Amino acid sequence: MAAYKTLDGMEAAGKTALVRVDLNVPMQDGKVSDFTRIERVAPTVRELAEKGAKVVLLSHFGRPKGQVVPEMSLAAVADAMASHLDMNIAFGKDCIGSNAQSIIDDLDNGGVALLENVRYHAGEEKNDPGFASELAKLGDLYVNDAFSCSHRAHASTEALAHLLPAYAGRNMEAELKALSAALEAPERPVIAIVGGAKISTKLDLLFNLIEKVDHLVIGGGMANTFLNAKGVDVGASLCEHDLAETAKEILTKAETVGCSVFLQSDAVLAKEFKAGAVNRTAPVSDVAGDEMILDMGSTSAEKLKSTLASCKTLIWNGPLGAFEIEPFGTGTFTVAEEAAKLTQAGKLVSVAGGGDTVSALAKAGVSDSFTYISTAGGAFLEWMEGKELPGVKALGN
Ligand code: 3PG
Ligand code: MG
């Protein structure tokens with residue numbers, strides 16, 4: 001990873017810092033329903049304000065595709081953020097031009113403003129140099145605190161970093177440190193847990209991980225594709241039958257590079273995909289034609305716990321079963337609790353990320369017990385795929 005500047009020693013007094021944050025937060029009935037992303041950027045905002053900068057926040061919200069879509073305004077987020085962090089936050093109705101400039105002119109040093117959705121302008125997603133220079137005109141310094149947007153080569157994440165002195169914010173710094181501790185220079189053995197519905201979206205990730213980790217656990221719906229490839233009849237389970245050859249290729253490659261692949265040997269089976277469905281636990285060789293695999297079985301979960309206990313680093317993306325519906329979260333929760341316990345005992349570095357994973361871990365009640373939980377979805381996946389993220393690369397000096 002390229003070296004980047006941090007806020008350490010940054011001279012910001014009297015300067016305007018444009019800070020790219022990810023305020024693409026979940027909303028329900030017009031209200032912010034999860035404040036994690038807001039809380040994660042607070043240290044950077046406060047630190048810059050304490051240094052005496054005018055702090056100008058830039059973010060996208062939703063995918064308005066270059067149009068002004070009123071439902072995708074950041075105005076409500078500005079209010080919610082201000083009250084949640086107990087801070088005055090001015091709101092600018094546009095992120096460029098005279099309106100943005102006058103909001104900034106009105107700020108005192110140490111004041112904070114949030115400007116309207118950068119994706120209201122088509123130039124944002126095009127990484128347009130003209131739009132980036134309109135943004136750059138507003139500030140003296142650029143801080144990227146949005147790791148979760150850094151897989152996008154957009155004007156506010158990429159081009160802008162080349163136009164002003166560029167820094168990684170505290171949240172970005174924490175993400176990069178945690179992620180590199182897990183995959184770039186980890187303590188071994190390293191175990192990766194990859195779950196979720198389909199392998200079709202995670203092929204690059206699986207091919208990259210087998211080169212880097214000692215144990216690869218494949219769980220969730222995607223495990224069925226691997227079991228099927230190994231000749232197991234998975235009944236009515238979710239399964240990408242057309243990817244059997246690819247699955248075999250992954251297993252062969254893993255063997256060649258000495259990465260052990262963990263697939264469940266028993267599973268929780270049900271005929272209906274609904275909460276409280278009648279279910280049974282059986283070996284995977286025993287799935288009936290009308291049954292679905294909905295969770296990892298308890299024998300497999302126990303075996304996975306003991307493998308976990310022999311490891312020093314865990315990287316986790318994707319649940320092991322249909323955790324959203326009772327009682328099919330048991331496999332995920334049991335393993336999550338063990339990972340949390342080992343982490344708290346100082347025996348394991350545990351890093352997790354991805355939307356589903358974060359909610360599964362929250363449901364397991366272990367969110368505060370992992371070493372690091374990334375708020376990034378797509379960026380976390382691309383990073384696990386071994387890709388260089390344009391927004392991170394642009395911070396390199
Ligand atoms: C996210 O929510 O994962 C980020 O804000 C990126 O959003 P995007 O997928 O619309 O680029
Ligand atoms: Mg200027």
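One-based numbering, in listed order, for ligands and for the atoms of each. The model shown is predicted, which means the values in this text are computed figures rather than measured ones.
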Could you list the atoms of ligand 1 found under 4.0 angstrom from a heavy atom of [X]?
X      : result
Arg119 : 8 (P), 10 (O), 11 (O)
Ser148 : 4 (C), 6 (C)
Asp22  : 4 (C), 5 (O)
Arg63  : 8 (P), 9 (O), 10 (O)

Are [X] and [Y] close enough for a salt bridge, meaning some N to O gap below 4.0 Å?
X     : Y      : value
Lys51 : Glu11  : no
Asp8  : Arg170 : yes
Arg20 : Asp145 : no

- Is the number of heavy atoms from other residues, nucleotides or ligands under 6.0 Å of Lys363 NZ greater than 12?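 Result for NZ/Lys363: enclosed.
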
- Message: Taking CG in Asp290 as the centre, count heavy atoms belonging to other residues, nucleotides or ligands within less than 6.0 Å. Is the count above 12?
- Response: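 Yes, enclosed.
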
- Message: For atom 11 (O) of ligand 1, what is the closest protein heavy atom, and at what distance to 0.1 Å?
- Response: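 Among all protein heavy atoms, the one nearest atom 11 (O) of ligand 1 is Arg152 NE, 2.6 Å.
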
- Item | Closest protein heavy atom (residue, atom, distance) for atom 7 (O) of ligand 1 |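 Residue, atom and distance for the closest contact: His60 NE2, 3.2 Å.
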
- Task: Look only at the side chain of Lys253 and the backbone of Glu211, and say whether a donor-acceptor pair between them is shorter than 3.5 Å.
- Result: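 No, because the side chain of Lys253 does not come within donor-acceptor range (under 3.5 Å) of the backbone of Glu211.
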
- Query: Could a heavy atom of Arg37 be found less than 4.0 Å from some atom of ligand 1?
  - Reply: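 Arg37: in contact with ligand 1 (<4.0 Å).
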
- Has His154 got any heavy atom lying under 4.0 angstrom from an atom of ligand 1?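 For ligand 1, residue contact (heavy atoms, under 4.0 Å) with His154 is absent.
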
